[in-house]
Each structure stands twice: as C-alpha cells, then as structure tokens.
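Comments concern the structure below.
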Amino acid sequence: MDIGKRISAKSISGEVTGIIGSLLERGLMDGVVALKKSGKGYAYSLLTKGAEMTDVDPLAPYLPTSAANIAAKLSRKGTPKKKIALFVRPCEMRAIVELIKLLQVDEALYFVELDCPGTLTSRYLTEHGIPNSDEFLNSVDKYRDSIRPACSACTDVRTDQSDVAIRFLGTGGQLYILGKSEKGCELVKNLFPDAENIEEPALPDGIANSRKQEEEKLFQFFDKNISGLDNLLNTFANCMNCHNCMHVCPICFCRECFFDSTALDFEGEHFVELAARRGDMRLPDSTFLFHIGRMNHMAISCVGCGFCEDACPVEIPLLTVFKRVGRDVQALFDYSAGRSRLDEHPLKTFREEELEPR
Amino acid sequence: MAEFEPKIVGFFCNWCTAAAADMVGTSRMQYPPNVRPIRVNCTGSVDSSYVIRALLTGADGVIVGGCHPGDCHYLSGNYKARRRVAILKQVLDTLGLDSDRVQLEWISAAEGKKFVDTMKQFTEKIREKGKNPLASNWLA
Ligand code: SF4
Ligand code: SF4
Ligand code: SF4
Ligand code: FES
C-alpha cells in the first residue's frame, strides 16, 4: 500500500502536465524538469513558476538524453537550495540510482518516475519528427517498428526507487500518483490533501512477457552474431571511433575519459611496428580497446537504457552488447544496476573472502 | 619452424611480487624469459584496460601478481584488483574470448620459489594454448 491518489484521466499527458503546473504554482516545487517540444522532437526543460506549459509533454515518446545526465548536471557541483523535481522514465531512474551511489547525483533532488510505453529512435526523429504523447499512446501499434530496441526489451518496466511514481499502464485510463519515499509521500499529501492508502495497479502480464521475449531475442542474436572474435571484428568493423556511445552513456560520467586521453597518444613509429606484426592495422587505432575497456569500467552499472546504440551513426548493436555483458558481470555479485539505492556498488566494496580460486 | 615462444606480460606489485622477482634474480634462480615484468605500485592501480591493451597488441598471456589478502600496503588494493580481474574475465567469457590468458596470483616478497613455479606454469599453459588470436588483431 502506498499513499496516493487515483484520477480518471482523459489525456494522461494533459493530467501529468497539470500536476507539474500545480507543483510550480502552489510552490511545492521551485523547479520541474520535464520534456518539452523542441524542433522535430523534445528536449528536457527546467520549468519554473510562470513557465509557458503548452509545449510541455512529459510522456513524449522521445528521450533526447538520459535524465540521469540532467540530474548529475543539477547536483554534481553543488545541489540547488531550492526544491527541484525531475520527471523521469524507469531506465533513467535506474541510471540515477547508480549515479547516486557513484556520488554524481544528490538524493536531495526529487524524482518522479513515469510509466513508460516506449520511445522512438533518433532516426525516426530526423526522418518523420516525433508525435506528441496522446497521438503515440492512442496508436502505439503504428509506431511499433520504430521503438528503440532498448524500450522493446526493457524488462525492468518499473522501479520502486523514485520519490513519487506515476502509473497508468494497463489501468484503463486511470492515473495513479503514488508516494514511494518519505519525502515523496509528503509531496503527494501536499499535492492531494485527500490522498489515501491505495494499492499500486499491477503491471499487465502482456507487457512484461513481450519485453522478456524481445530481450531473449537480443541475447540469442548476441550468441549467434556477436560473441566470438570473428563476430566481434565484424560487429565493430565500421565503428568510427567517434565515442558518441560513451558521451551519451549516463554511467560514463568521467570528466576525461581514459580512451580520449593523451595516455593513448603514441609516436608514429609505434603504429608502424604494430602494423608490421600482422601486415596491416586499422587506423585510428584502439577500437576494441575502447569498447572492451569501457565495458570493464561501466558494465557493472549498465542499465540497458540504449542511449549508446541510439547515438551510434553506423548502427552498431551496442545495446545488445552492453546489456548482455552487463547482465553477466552484475550476476557475479548478485547485483542488478538500478535495482536498489541500498545495494552496495560492487566496485566500491569487497569481501575479504570471495572469488577464490581466481 | 621455431617453437612458439609465448609473450607474457606481468603486472607485479612493487611491495611483493616484484620484490620476489628481484630476489629470484639475486639468488640466481631462473624464471622463463617469456615473462616481461612491469612494476606497479599496487595491483589496485592496474586498470583492466592495461591488461586488455597488452592482449590486443601482442601479449599471449597476462599475469597480475599482488600481495596476499590482508597484506596490501594500501590495505584494499588487492581486493579491488580481485574484483576487477573477475569482471575482466567475465567480460572476455561473455564476448567469447579466452579468459584463461589472464591470471591473478598472490606472491609475497618472500616467495621466490612460488614466483618461479607460477611463472613456469603460466608460461607452459600459454605455450599449450598457442598464439593469442587477439594479439595484433586488425581492430586492436
Ligand atoms: S569508458 Fe571508462 S574512462 Fe571512459 S568515461 Fe567510461 S568509465 Fe570513464
Ligand atoms: S552502455 Fe548503453 S545501455 Fe548501458 S548504461 Fe550506457 S548508454 Fe545505457
Ligand atoms: S557511437 Fe558507434 S561509431 Fe561511434 S564509437 Fe561508439 S560504436 Fe563506434
Ligand atoms: S601493495 Fe601489493 S597488492 Fe596492494
């Protein structure tokens, strides 16, 4: 049971935007971060009291970046004294949980997790433009083929890690606003003085099952087409070394990435020697070093959000690679990235007796 | 054709395994010349990408040598290294690459004999495996 409020909503997104409006107008929040129309797509906007709300669409089927990056931007170098809430999707919440543990995000921010029916690719944005959320929710089937693979295969459909959760999947037009943490419950009570103990609506089996199946398909693809040296060479053959995948990844927060650093600048002679060992070598170098090294650095916290894949100009199936590697390394420590703020981060701790024999 | 001579890169902690290697030298014991030792301040300073780069650019095997659990001069570097190596081996396994080419050993400054035996065993194991197909691959 959670403290919450149920509303019959004609337009889910209209209702959620209304909630943002009241949070700001009634001074319950000094700022709210939510999606707002920008060009052919949507961008995150920090809304304050009096902001024009017409273009705000918190459930728009497009994520321009992980909100975890916004949370880090807002709190890494000092958290605002004012109250700020971010309206985020579950994959973004999972990344936020990881970044809280990695001291990049301050828990003083408020996180409101929205049920997520999926989002469209950046390719869809450039080719067609992104529809608004009402249009998308009313005809999800029409867009099915353009939904990001990360969304189709998103098996952690909801977390219970936010301060407030907004649920509407499978409720037949009902909107549930539920307090999930102490400060979240407080906020819900202030927002709805008639809030009471209510049951969280169950996630429809259909959604969970279809996402599980899609995930299974990705893993089968991995086993057949990605795993093994020849497959790997093929998978990464057209990588441009642009490092977009790292720059957009919410978990890759390093100010200077090792793989962009001068540590990998060598004298020209070095490349000639390396090339001579096999006849030729590809330049620029360090493609595998970057990808396999990056996995070692961050797969323990990979939340399978797929921003890496969406940002790749040559459509390398990065989500499949990182999701699978992430699952396997997390299993070593019975860890699941984003599952709980209370689980210790495996790279921040150790047991005196473990992992032997090595 | 000459017999395959594996190239082994060793990342050895200054306070234990590297000291064991020195002791082996001064007491005129022999360990295989296949091993190229690199002295590091602590196994906790060995980022996985160093090991990966060695494997991608020519090493047939990589061995990391550190202080026994409880003996790290920086208290927990070796425990962290143990987690990192476990992750590295899992990444290699998942990718379908050979994780047995990476090994982590605890060898104290006093264990000259263990150092020699370990280096011999690891070199033989890698010799049997043959050339590392990852070494000097085109994408490196
Ligand atoms: S790849 Fe490693 S060094 Fe680079 S940003 Fe990610 S975690 Fe940091
Ligand atoms: S590697 Fe890709 S899927 Fe994993 S957290 Fe980073 S952006 Fe998300
Ligand atoms: S975004 Fe794609 S092309 Fe760019 S570095 Fe990553 S995998 Fe390579
Ligand atoms: S000082 Fe030897 S492993 Fe840390």
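Every chain is numbered from 1 and lettered A, B, ... according to where its sequence line falls, protein lines coming before strand lines. Keep in mind it's a predicted model, so treat the numbers as computed, not measured.
Heavy-atom distances place the side chain of Leu332(A), and not its backbone, under 4.5 Å from chain B. Proximity to chain B (any heavy atom under 4.5 Å) is restricted, for His297(A), to the side chain, taken from C-beta onward. Looking at Pro346(A), the atoms closer than 4.5 Å to chain B (heavy atoms on both sides) sit in the backbone and in the side chain alike. For Ala237(A), the part lying near chain B is the backbone, with the side chain staying farther off; criterion is any non-hydrogen pair under 4.5 Å. Neither the backbone nor the side chain of Arg294(A) comes within contact range of chain B, judged by heavy atoms closer than 4.5 Å. Heavy atoms closer than 4.5 Å to chain B are found in the side chain of Leu264(A), but not in its backbone.
The choice from Met295(A), Arg324(A), Glu356(A), Glu354(A) that makes the most heavy-atom pairs within less than 4.5 Å of chain B is Glu354(A). When the candidates Thr287(A), Asp285(A), Val329(A), Leu289(A) are compared by the number of heavy-atom contacts under 4.5 Å with chain B, Leu289(A) comes out ahead. Counting heavy-atom pairs closer than 4.5 Å to chain B, the top residue among Pro284(A), Ser286(A), Gly293(A) is Ser286(A).
At least one side-chain heavy atom of Thr94(B) sits less than 4.5 Å from a side-chain heavy atom of Phe222(A).
Closest of all the heavy-atom pairs between Arg351(A) and Tyr79(B) is O-CD2, 4.0 Å.
Between the Arg277(A) side chain and the Ala135(B) main chain, no donor and acceptor come within less than 3.5 Å of each other.
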